[in-house]
Amino acid sequence: MNNTNNMSNWFLRLAVLYLIAGVSLGLFMAASHDHSMYPAHAHLNLLGWVSLSLFGLFYRAFPKAAQTGLAKAHFWIYVPSHFVQMVLLTLLFRGYAAVEPALGVASSLVGVAILCFSFTVWNSTRRAD
Ligand code: HEM
Ligand code: HEM
């Protein structure tokens with residue numbers, strides 16, 4: 001990712017894909033009256049659409065931050081781990097209880113990526129300008 005806004009662009013592009021997935025599942029739940037998948041719906045929308053959009057807008061506002069190793073770790077840990085987390089969460093609520101340990105690993109990696117992001121935000125906002 002060499003161009004300054006590339007990371008921001010990819011976060012925003014992936015965010016709307018999660019919005020489509022989250023809203024589609026919401027419409028399916030509403031139409032079928034089967035709300036059992038609501039945790040997958042909630043986290044597709046909140047860890048997907050909402051969080052990825054905020055990451056994208058942050059790296060837009062602080063383009064230098066996107067150049068750091070920590071920001072790259074944030075992107076490359078968050079995006080695959082969150083994707084795996086959503087697939088496993090969906091399987092869990094379809095009755096595949098055996099995915100739970102792997103879901104725990106994927107969710108913990110999402111937590112690690114969030115720490116990378118949090119350090120990046122603190123580092124980038126140290127000065128008022
Ligand atoms: C057309 C769009 C949407 C539809 C049809 C829809 C539908 C639903 C339905 C049927 C539920 C289950 C309600 C329940 O059983 O308590 C639900 C829960 C939820 N939705 Fe959506 N949703 C939509 C968009 C969104 C978006 C865009 C977000 C977030 C940005 C969102 C966040 C949530 C959350 C957090 C819950 C869980 C709430 C709780 O714990 O009670 N939804 N949604
Ligand atoms: C690695 C990150 C996360 C993990 C492991 C996680 C885990 C969970 C769990 C276990 C629940 C209870 C689900 C249930 O009712 O059975 C839950 C609920 C909820 N979480 Fe998260 N969460 C994470 C991140 C987030 C974030 C970043 C947001 C908001 C931006 C969020 C918003 C919610 C909401 C609104 C609910 C209530 C709706 C629901 O039960 O699905 N979560 N979360």
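Sequence positions, counted from 1, serve as the residue numbers for this chain. Start at 1 and go down the list; that is how both ligands and their atoms are numbered.
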Proximity of Pro39 to ligand 2 by residue part, where a heavy atom lies under 4.0 Å = both
By number and element, which atoms of ligand 2 are closer than 4.0 Å to a non-hydrogen atom of Tyr38?
-> 14 (C), 15 (O), 39 (C), 40 (O), 41 (O)
Compare all side-chain heavy atoms of Leu52 with those of Tyr18 and state whether any distance is below 4.5 angstrom.
-> yes
Kindly state if atom 30 (C) of ligand 2 has a protein heavy atom within a strict 4.0 Å cut-off, that is, under 4.0 Å?
-> yes
With a 6.0 Å cut-off on ring centres, are His74 and Tyr59 close enough?
-> yes
Looking only at protein heavy atoms, which one is nearest to atom 5 (C) of ligand 2, and how far off is it?
-> Ser107 CB, 3.9 Å
Are Asp34 and Met29 side-chain neighbours, meaning at least one heavy-atom pair lies under 4.5 Å?
-> no
Of Ser24, Gly26, Gly48, the one whose closest heavy atom lies nearest atom 6 (C) of ligand 1 is Gly26
Do me a favour and list the nearest non-hydrogen protein atom to atom 20 (N) of ligand 1 with residue, atom name and distance?
-> His41 NE2, 2.8 Å
Quick one: does Ile20's side chain get under 4.5 Å of Ser24's, heavy atoms only?
-> yes
Option whose closest heavy atom lies nearest to atom 3 (C) of ligand 2, chosen from Val110, Leu46, Leu47 | Leu47
Please tell me if the side chains of Arg94 and Met37 come closer than 4.5 Å, counting only heavy atoms from C-beta onward.
-> yes
State, yes or no, whether a side-chain contact exists between Val50 and Asn45 at a heavy-atom distance under 4.5 Å.
-> no
Hey, do the aromatic rings of Phe62 and Phe58 have their centres closer than 6.0 Å?
-> yes
So do the side chains of Phe11 and Val79 get within less than 4.5 Å of each other, counting heavy atoms only?
-> yes
Any protein heavy atom < 4.0 Å from atom 43 (N) of ligand 1 = yes
Can you pull out the closest protein heavy atom to atom 16 (O) of ligand 1? Residue, atom name and distance to 0.1 Å, please.
-> His35 ND1, 4.6 Å
Do His35 and His41 touch side chain to side chain, with heavy atoms closer than 4.5 Å?
-> no
Could you tell me whether some N/O pair between Gln85 and ligand 2 is separated by less than 3.5 angstrom?
-> no
Identify, for atom 7 (C) of ligand 2, the protein heavy atom at the shortest distance, and state residue, atom and that distance.
-> His43 NE2, 4.1 Å
Note: heavy atom closest to atom 28 (C) of ligand 1, options Val50, Asn45, Val23, belongs to Asn45
Compute the centroid of each ring, for Phe117 and then for Tyr78, and state whether the two points are separated by less than 6.0 Å.
-> no
Atom 11 (C) of ligand 1: closest protein heavy atom, distance to 0.1 Å, is Met29 CE, 3.5 Å
Per-atom contacts of ligand 2 with Ala42, taking only distances under 4.0 Å to non-hydrogen atoms | 41 (O)
What do you think, any protein heavy atom under 4.0 angstrom from atom 9 (C) of ligand 2?
-> no
Protein heavy atoms: any of them under 4.0 Å from atom 1 (C) of ligand 2?
-> yes
